[in-house]
Number of protein chains: 2
Amino acid sequence: MLDARKSAILNKVVTEHIATAQPVGSAHVVRDPLIDVSPATVRSDMAALERDGYLTHPHTSAGRVPTDKGYRFFVDQLSPPALDPAGEEQVQDFFARAHGELERVLRDTSKLLSQLTDYAAVVVPPTHDTLTVRSSLLVRIAPRAALIVLVLSNGAVDRHSVEIDESTTDDQLERAGARLAALLAGRTAGEVEQVVTSGAGAAPGAGAGGTPPAPPAVPAAVDCEAAVDALVAACCREIAGRQLPSQDTDEVYVGGAARMAEQFPAVQTVREVLSILEQSFVVVSLIRDVLAQGQSVSIGTEHGLAPLAECSLVVAPYEVADEVVGTIGVLGPTRMNYSQALAAVAVVSQHLGRQLAAGS
Amino acid sequence: MLDARKSAILNKVVTEHIATAQPVGSAHVVRDPLIDVSPATVRSDMAALERDGYLTHPHTSAGRVPTDKGYRFFVDQLSPPALDPAGEEQVQDFFARAHGELERVLRDTSKLLSQLTDYAAVVVPPTHDTLTVRSSLLVRIAPRAALIVLVLSNGAVDRHSVEIDESTTDDQLERAGARLAALLAGRTAGEVEQVVTSGAGAAPGAGAGGTPPAPPAVPAAVDCEAAVDALVAACCREIAGRQLPSQDTDEVYVGGAARMAEQFPAVQTVREVLSILEQSFVVVSLIRDVLAQGQSVSIGTEHGLAPLAECSLVVAPYEVADEVVGTIGVLGPTRMNYSQALAAVAVVSQHLGRQLAAGS
DNA sequence: CCTTGGCACTCGATTGTACCGAGTGCTGAC
DNA sequence: GTCAGCACTCGGTACAATCGAGTGCCAAGG
């Protein structure tokens, strides 16, 4: 597509612009030992690159700046980058020390990633699909509400509330709890869903398509045992339901958002970017979209979000037991240090996966 | 201290400066109908106010700007402010709708408070001291680690991990779990602590003063029942220990941090403020300090944090069952709208307390 | 003694002008 | 195709002039 010299020039423009944040002119480009031609030649090549959409001009008599397409070319031909030794050590250290609650580990991981790259970092927590239920508990917390607590195989705790009928006796609740414990032990949330839809009485059935699922409620018990059955079914539905995309629970850990303040001269831009970062739902779906396209980098306007037009996102999934369970990412300006970000994201995602597999 | 006219002038300067963010001159001040003197008189009064430390001068030939002391005077003589009807309705709406997990409610509350005021908002979650344990569960999550899960009376779930000896049998664990359940049910964390220090075998004893408490570990069991005893004691210690100030778990919900970006012209300031907001520990202790001094507003340099010299913090505790359990706050520039912030914080803290008492 | 109009003075902000220099595009020669 | 040379562009800086909001002080009047 691009001959060797043009490609070299484009690369030089990109790296130089990343380093200096300034438009780069032909004189700067020829300073690169790999480019052994005169400025005039470089100029004509740069004009061609501009015609092809790789570069732009802020105005006449200014140097060139890469377009999103230019960055894209640069990133695609980047050799798989390695993290610098200092960073590598930092990651090692971190995960050697990391322990305790899942949430804490994830939050700290986002901080680590942000420190490594000097940009904002995002950690999307693992879905529970690969985790099994180790233990469960059903407790009444109000006359008409009960809580299911699940301890998962990695030590995380999941929690769902179900509406119950006021007439439900403590005894019934206890029996339902016992049944539930037996039913859930060793299962994943996905398997629970299967149990629900296959047998186990009051399956959702008809209304599954367009209409929103009714809130789980248990009808007044006539037969005692039937009430217990219904309660168990409601609990299962609730647990399985949480995994559905209807969840607006989308949690996400953002670290180093403050660093974005330095990246953009315009206060307005900073404000918009930070605002987006506060809406976890938007962040999650953004990352999901990028990953769905098989990309690991999204540059400028490639994703649709207007306020992030001046940002790039570098993502990597992390795996537990060969299954993708979550994602981490770095958000920086389009003129970010891509190789560093790619390296950091790759290394951290690997370590994080291993860590979670170990059971934190 | 200040005669009526000086006081009026100071008030006018403060309100005007809050509204316009500009230094305000004598001409602006006399526009106030309450001040019926000439600009020259105002000028001499302002000079006096400056001598007394209530106002400053960016430079000669500029208007006056309030100092921290000036703001302090203004805030202290502010009549207890009421929230505007629109805001009031928003709060009503919010708490009528609020439901679900504790964390979600708190996070959303921080967003609400931020929306009401247009500044950043902070919610410090309730300590568990007034909550009782409704149910508990002890599960092994790794060969050498177990997890205590507590369901609290308001439906929240608390979780602590304890180190256990590898030789501990599942049977022992189960018995310890049963003992623990009986011991904890209906108790608050504070009461658990009392149980630990009073009887129950392996109390910390000597090392309680200066040295950090040893990590909970259970020695290899010789006698089976003794091992169970020790395990129970370790669990209790862990639960009680969490309430000690040694906790660096200090969680905090920050909403609307992005709004700070617009409040300061200097990017550096924005960066520093956001940075502070990301360190939950700092935020928590800051709020604690302010409250400990019986203040509800901290202005500029009154708290010691240099990066927040241009910020003010408005806080209010919230109560459940007449006990202060947590705090909410608003962080804005020193020239923030204090009456609005005070009103919002007061109203929201009241509603939040009521909401939590109801059992979310 | 407090208040006030008058007045000189200060100093940031704005505007205008000139100039510099980094950078481009083009052209004609090799 | 490459390159030296050249005219041209245009943002950035430096400097001066001007403007105006605001002060401090003083002398006169209640």
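The sequence lines fix the lettering, A, B, ..., with proteins before strands; numbering per chain opens at 1.
Atom CZ in B:R51 sits roughly 14 Å away from atom P in D:dT23 (whole-Å rounding). What separates CD1 of A:I9 from P of C:dT24 is a distance of 11 Å, to the nearest Å. To the nearest angstrom, P of D:dG22 lies 17 Å from CG of B:D45. Atom CE in B:M46 sits roughly 14 Å away from atom P in D:dC25 (whole-Å rounding). In this structure, A:R31 atom CZ and C:dG23 atom P are separated by 8 Å, rounded to whole Å. If you take CG of B:D36 and C1' of D:dG30, they are 16 Å apart, rounded to a whole angstrom. Between B:Q22 atom CD and C:dA13 atom C1' there is a gap of 11 Å when expressed in whole angstrom units. The distance from atom NE2 of B:H17 to atom C1' of D:dG22 is 15 Å, rounded to the nearest whole Å.
With C:dG23, C:dC11, D:dG22 as the candidates, the nucleotide lying closest to the side chain of B:H59 is C:dC11. Checking C:dG5, D:dC3, D:dT23 against every side-chain atom of B:S38, the shortest atom distance belongs to C:dG5. Distance from the side chain of A:R43 is smallest to D:dG5 among D:dG5, C:dG23, C:dT4.
At C:dT24, one or more side-chain N or O atoms of A:S26 fall inside 4.0 Å of OP1 or OP2 (strictly under the cut-off).
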For residues 17-26 of chain A, dump all side-chain donor-acceptor pairs below 3.5 Å to protein atoms at least two apart in sequence or in another chain.
residue: A:H17; atom: ND1; partner: A:Y71; partner atom: OH; Å: 3.2
residue: A:T20; atom: OG1; partner: A:E16; partner atom: O; Å: 3.0
residue: A:T20; atom: OG1; partner: A:Q22; partner atom: N; Å: 3.1
residue: A:S26; atom: OG; partner: A:R43; partner atom: NH1; Å: 3.3

Give the table of side-chain donor-acceptor pairs shorter than 3.5 Å for residues 1-11 of chain B, with sequence neighbours excluded, one pair per line with atom names and distance.
residue: B:D3; atom: OD1; partner: B:R5; partner atom: N; Å: 3.0
residue: B:D3; atom: OD1; partner: B:K6; partner atom: N; Å: 2.9
residue: B:D3; atom: OD2; partner: B:K6; partner atom: NZ; Å: 3.2
residue: B:R5; atom: NE; partner: B:D45; partner atom: OD2; Å: 2.7
residue: B:R5; atom: NH2; partner: B:D45; partner atom: OD1; Å: 3.3
residue: B:R5; atom: NH2; partner: B:D45; partner atom: OD2; Å: 3.0
residue: B:N11; atom: OD1; partner: B:Q77; partner atom: NE2; Å: 3.0
residue: B:N11; atom: ND2; partner: B:S7; partner atom: O; Å: 3.4
residue: B:N11; atom: ND2; partner: B:Q77; partner atom: OE1; Å: 3.1

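No donor-acceptor distance shorter than 3.5 angstrom exists from the side chain of A:E310 to the backbone of A:T269, with no hydrogens or angles considered. Formation of a donor-acceptor pair under 3.5 Å by the B:S285 side chain with backbone atoms of B:F281 is found in this model. Of the possible donor and acceptor atoms, none in the side chain of A:T327 sits under 3.5 Å from a partner among the backbone N and O of A:A316. Without hydrogens or angle criteria, B:S349 side chain to B:V345 main chain gives a donor-acceptor distance under 3.5 Å.
For the segment residues 60-71 of chain B, the set of residues with a heavy atom within less than 4.0 Å of an atom of DNA chain C comprises B:T60, B:S61, in numerical order.
Side-chain contact of B:T41 with B:S38: a donor-acceptor pair under 3.5 Å is present, judged by distance alone.
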